[in-house]
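Heads up, the thing below is written out as structure tokens.
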Amino acid sequence: MYWEKISKSAIKQRVFDALNKNVNYLNGSVLGLPGTFLEQEQFYDFSFLKEAPFLSVLMKNPNHIGCHTYTKGEMYFSGTQQIEIDLLKICAEEIFNAPEFGYDGYVAPGGTEANIQAQWMYRNCFMQNANAKSSEIGVVFSEDAHYSVYKSANLLGICPISIKVNSDDRKIMLDDLKSKLQDSFEKGIRYLIVHLSMGTTMFGSVDEPQAFLDVVKQIFNNYYVHVDAAFGGFIYPFSSNDLDLTFKNPEISSITVDGHKMLQSPYGTGIFLCRKGLIEYVQTPEAAYVYGSDFTLCGSRSGANAVSMWMILMTHGSEGWKQQISGFIDLTNYVCEQLVEMNIKFYRNSVMNIVAISASDIDVEIAKQYFLVADNYNNPKWWKIVVMAHVTKDMIDSFLKDLKKTRKFVNLT
Ligand SMILES: *Cc1c(COP(=O)(O)O)cnc(C)c1O
């Protein structure tokens with residue numbers, strides 16, 4: 001994995017050059033597009049915008065509708081669309097090991113849409129190629145998977161199949177996988193979407209595809225594998241050498257990754273990636289007024305989002321981002337060492353920045369005071385800490401100190 005860091009001024013130059021290649025609503029005699037710049041009473045031409053490339057793109061408001069790895073797309077905004085293409089290239093080829101230009105993708109509103117997009121694509125593929133009925137299609141995932149798999153299954157009319165995990169190591173229970181898949185087969189499910197996580201939201205646990213797929217193959221001939229790296233995609237590839245959940249593994253056909261989780265980009269920065277030859281299944285041929293047709297769920301989307309992610313990746317370079325992540329992992333290590341010392345039960349994947357503390361070992365008041373997030377607010381079993389950019393060692397120390405006080409109290413009683 002490698003991409004070059006570039007200077008602030010070079011980033012700025014590139015973004016303004018891109019804007020200059022876009023159609024400009026101010027002076028382009030644009031009469032036919034159902035789009036325009038941002039409302040000008042509120043968002044007028046502040047002088048500092050010359051120094052603010054992202055805000056300038058936001059103001060000029062380019063639409064990135066369509067899928068620019070597949071077709072040229074709307075020609076009006078080809079400047080900033082090229083930045084999206086460059087962004088997808090880094091994510092697909094450098095971070096997730098896709099072959100050069102061997103993928104399609106787009107910047108989606110978030111991980112939820114990217115996950116829905118994947119299931120939609122595979123469902124249509126099974127329907128078109130094998131004449132499958134939606135009632136014959138299932139999606140299988142660990143009980144720790146993100147709830148968007150349920151949204152998607154519900155929307156698409158396919159069957160959700162949730163598999164239990166061991167409470168302590170959050171690993172899939174392979175015997176439960178086998179029996180649930182056998183049951184599903186008996187009920188008429190013939191086509192399977194396998195939804196694996198690179199970093200679950202609550203635990204940061206990472207699924208192991210080999211063992212999972214060994215069981216799938218015993219029962220199903222037809223399956224596709226999607227990887228939900230919404231949370232872990234900008235962490236795990238930088239903190240481990242494991243490539244099993246990347247395109248290096250021929251079993252993996254698509255990946256979701258979110259910029260607005262770890263990359264610190266604004267909301268609206270999910271990414272959907274899939275191997276070439278699949279995105280056609282979600283083409284909407286009726287989208288005749290969109291130049292280059294549409295392959296996305298959302299339709300119109302802001303070019304500024306793609307530009308923001310590209311700018312962040314360029315600011316750090318791959319080495320800089322690795323360092324940043326390594327700082328988060330070190331601080332997480334520190335939290336865990338202290339918890340071990342206090343004899344507090346927790347789960348943590350050793351190369352992730354999430355610590356889930358057993359609810360039995362932490363006072364609810366402390367959890368609330370430090371905004372820890374519960375797995376389930378009705379009946380919490382775990383409270384999690386996520387070591388993000390704003391989390392300092394001081395905050396952690398203060399938390400640990402408070403935790404220790406109540407811990408002593410618990411021991412005395
Ligand atoms: C946050 C998250 C999602 C959903 O992403 P949104 O951007 O909130 O739509 C999906 N999967 C995982 C693992 C996540 O952590």
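Since the structure is predicted, the reported quantities are computational estimates derived from the model, not experimental observations. Whatever order the structure lists ligands and atoms in, that order sets their numbers, starting from 1.
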Judged by non-hydrogen atoms, does [X] sit under 4.0 Å from ligand 1?
X	value
G199	yes
T200	no
E113	no

Answer yes or no on whether R275 is positioned over the face of Y103, meaning its NZ or CZ is under 6.0 Å from the six-membered ring centre and within 45° of the axis.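 Judged by the rule, R275 and Y103 form no cation-pi pair.
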
Ring of Y334, cation from K393 - is the NZ or CZ under 6.0 Å from the centre and inside 45° of the axis?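 Yes; both conditions hold, so K393 lies above the ring face of Y334.
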
Check each atom of ligand 1 against the heavy atoms of [X] and keep those under 4.0 Å away; list them by number with element.
X	answer
G110	7 (O), 9 (O)
A230	2 (C), 3 (C), 10 (C), 11 (N), 12 (C), 14 (C)
T201	12 (C), 13 (C), 14 (C), 15 (O)
D258	5 (O), 6 (P), 7 (O)
N115	10 (C), 11 (N)
F231	15 (O)

Going by distance only, is there an N or O of G111 that falls short of 3.5 Å from an N or O of ligand 1? yes

Looking only at N/O atoms, are S148 and ligand 1 under 3.5 Å apart anywhere? no

Under a 3.5 Å cutoff, is there a donor and acceptor pairing between the side chains of [X] and [Y]?
X	Y	value
T80	N22	yes
H146	T201	no
Q324	E319	no
S162	E143	no

Would you indicate whether the side-chain heavy atoms of V351 and Y236 approach each other to under 4.5 Å? yes

How close does the nearest protein non-hydrogen atom get to [atom], and which residue and atom is it?
atom	result
atom 9 (O) of ligand 1	T112 OG1, 2.6 Å
atom 14 (C) of ligand 1	K261 NZ, 2.9 Å
atom 11 (N) of ligand 1	D228 OD2, 2.6 Å

Given M309, which of I83, I90, L263, V257 fulfils the side chain to side chain contact (heavy atoms under 4.5 Å, CB included) condition?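 Exactly one pass, corresponding to L263.
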
Strictly by ring-ring contact (aromatic ring centres under 6.0 Å, His included), give each pair with a member in residues 166-185 just once, sequence neighbours left out. F185-F220

